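Read through the structure below, which is laid out as structure tokens, and then see the notes.
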Amino acid sequence: AYLPWIMVVAGIVFLAKGADWLVDGASRIALRLGISPFVVGLTVVGFGTSMPEFAVSVVASLRGSGGLSLGNAVGSNIMNLLLVLGVAAVLAPIQVLGSRRALWRDLLFGLVPAAILIVSAWDGDIERSWAVLLLVVFATFIAVTCIQARRGEGAPTVVTGSPIRHGFMTVVGILVLVTGSEMMVSGGVDLAHRFGVSDAIIGLTIVAFGTSLPELATSVTAALKGQSEISVGNVLGSNVFNLGLIVGTAFTIRPMTVPSIVIRHDIPFLIAATLVIGIVVLRDRKISRFEGAGMLVTVATYLVFVVIRGG
């Protein structure tokens, strides 16, 4: 009877520790290579913290649950944008580093996969050709980011400690994050079933929240360490991973029908949230505590709406 609760608590502990190691290791590797923490947030940290969503969505796809697979990715993006950045900003106002061009790039790539899904799957069918296009968008994002990073975002910095140790910390941090997240989701889904919550809601809420905990833990840790630029880079990068790589891979493996309500309600909400946050960040290059609080109110309202709507 107590096992789901134990898994949830243990998962949270794993997430906190894994995030600590990941931020430490990845940011030191970035400085050693002369790459800015912002770019590392978009690539290394974005990929590492998206692994739980990847595992959940691909497994759901293989089992024929298109709704859970897509709902997890879309719900996780909404959690990342509003909950993760909101909590990080309330803890410490986020100063956004990186060029205006880089911010526009990340905003654009965050919106394109969502737009593709609305156009291609309005009737609820995600075909393989469109899923492959999502993978092409993701590959383009990574290529563009890496090319721009190589042009010298950030200057070389002297970093103490062995690069092997920093790499090891990063890898172990990612593994611990994934393990913690899986424990959290397993326990959470078990509790949801026990309390009679439908599977339709689970993907967008409990599973999405559980798989977003690595982003939340990583961004909170980064904010408390004064590395809040990783918070924004981590979230933007993770969102491109979620819709481009994860949905692309899941539905390339197995094209399926998904609940059209997710395409017609939740993805437009995600686009709106992305645009508003993009405007806020581009306006004054920061997210204040007040704006962070507004994000938290918005995501709470959204979750209540999803539960009342019934998924």
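What you see is a predicted model; the values in this text were computed from it and never measured. One-based numbering along the sequence shown.
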Could you tell me if the side chain of [Y] sits less than 4.5 Å from the side chain of [X], heavy atoms only?
{"X": "F109", "Y": "T140", "value": "yes"}
{"X": "I287", "Y": "M295", "value": "yes"}
{"X": "D106", "Y": "F141", "value": "yes"}
{"X": "L70", "Y": "I263", "value": "yes"}
{"X": "N80", "Y": "L85", "value": "no"}
{"X": "L107", "Y": "V281", "value": "no"}
{"X": "I118", "Y": "I271", "value": "yes"}
{"X": "H265", "Y": "L204", "value": "no"}

Heavy-atom closest contact ([X] atom, [Y] atom, distance):
{"X": "A131", "Y": "T252", "answer": "CB-OG1, 3.4 Å"}
{"X": "G292", "Y": "A89", "answer": "CA-CB, 3.9 Å"}
{"X": "A208", "Y": "G75", "answer": "CB-C, 3.4 Å"}
{"X": "R128", "Y": "I253", "answer": "NH2-O, 3.4 Å"}
{"X": "A92", "Y": "A223", "answer": "CB-O, 4.0 Å"}
{"X": "S57", "Y": "A250", "answer": "O-CB, 3.9 Å"}

Given the rule that I, L, V, M, F, W and Y join up when any side-chain heavy atoms are under 4.5 Å apart, are [X] and [Y] in one cluster?
{"X": "W104", "Y": "V112", "answer": "yes"}
{"X": "V90", "Y": "L81", "answer": "yes"}
{"X": "V299", "Y": "I94", "answer": "yes"}
{"X": "I267", "Y": "L275", "answer": "yes"}
{"X": "V176", "Y": "I29", "answer": "no"}

For the pair [X] (side chain) and [Y] (backbone), establish whether a donor and an acceptor sit closer than 3.5 Å, ignoring hydrogens and angles.
{"X": "R289", "Y": "L91", "answer": "yes"}
{"X": "S212", "Y": "S76", "answer": "yes"}
{"X": "R254", "Y": "L62", "answer": "yes"}
{"X": "R264", "Y": "W122", "answer": "yes"}
{"X": "S69", "Y": "S65", "answer": "no"}

- Stepwise side chain to side chain contact (heavy atoms under 4.5 Å, CB included) test for M7 and D190: CA-CA 10 Å; M7 289 183 74; D190 195 355; over 6 Å; no
- Message: Show, in sequence, the C-alpha distance, side-chain angles and deciding distance for L245 and L135, and conclude whether the side chain to side chain contact (heavy atoms under 4.5 Å, CB included) test is met.
- Response: CA-CA 5 Å; L245 175 66; L135 290 174; 4.2 Å; yes
When rounded to the nearest 0.5 angstrom, what is the spacing between [atom1] in [X] and [atom2] in [Y]?
{"X": "L270", "Y": "Y302", "atom1": "CG", "atom2": "OH", "answer": "8.5 Å"}
{"X": "M169", "Y": "I174", "atom1": "CE", "atom2": "CD1", "answer": "12.0 Å"}
{"X": "F54", "Y": "T211", "atom1": "CZ", "atom2": "OG1", "answer": "13.5 Å"}
{"X": "T170", "Y": "R165", "atom1": "OG1", "atom2": "CZ", "answer": "10.5 Å"}
{"X": "L15", "Y": "E182", "atom1": "CG", "atom2": "CD", "answer": "11.0 Å"}
{"X": "N77", "Y": "N242", "atom1": "CG", "atom2": "CG", "answer": "4.5 Å"}

- Item | L243 vs L134, side chain to side chain contact (heavy atoms under 4.5 Å, CB included): CA-CA, chis, key distance, verdict | CA-CA 7 Å; L243 288 189; L134 290 173; 5.6 Å; no
- Message: Applying side chain to side chain contact (heavy atoms under 4.5 Å, CB included) to V247 and F138, what does each step give before you reach the verdict?
- Response: CA-CA 11 Å; V247 175; F138 171 75; over 6 Å; no
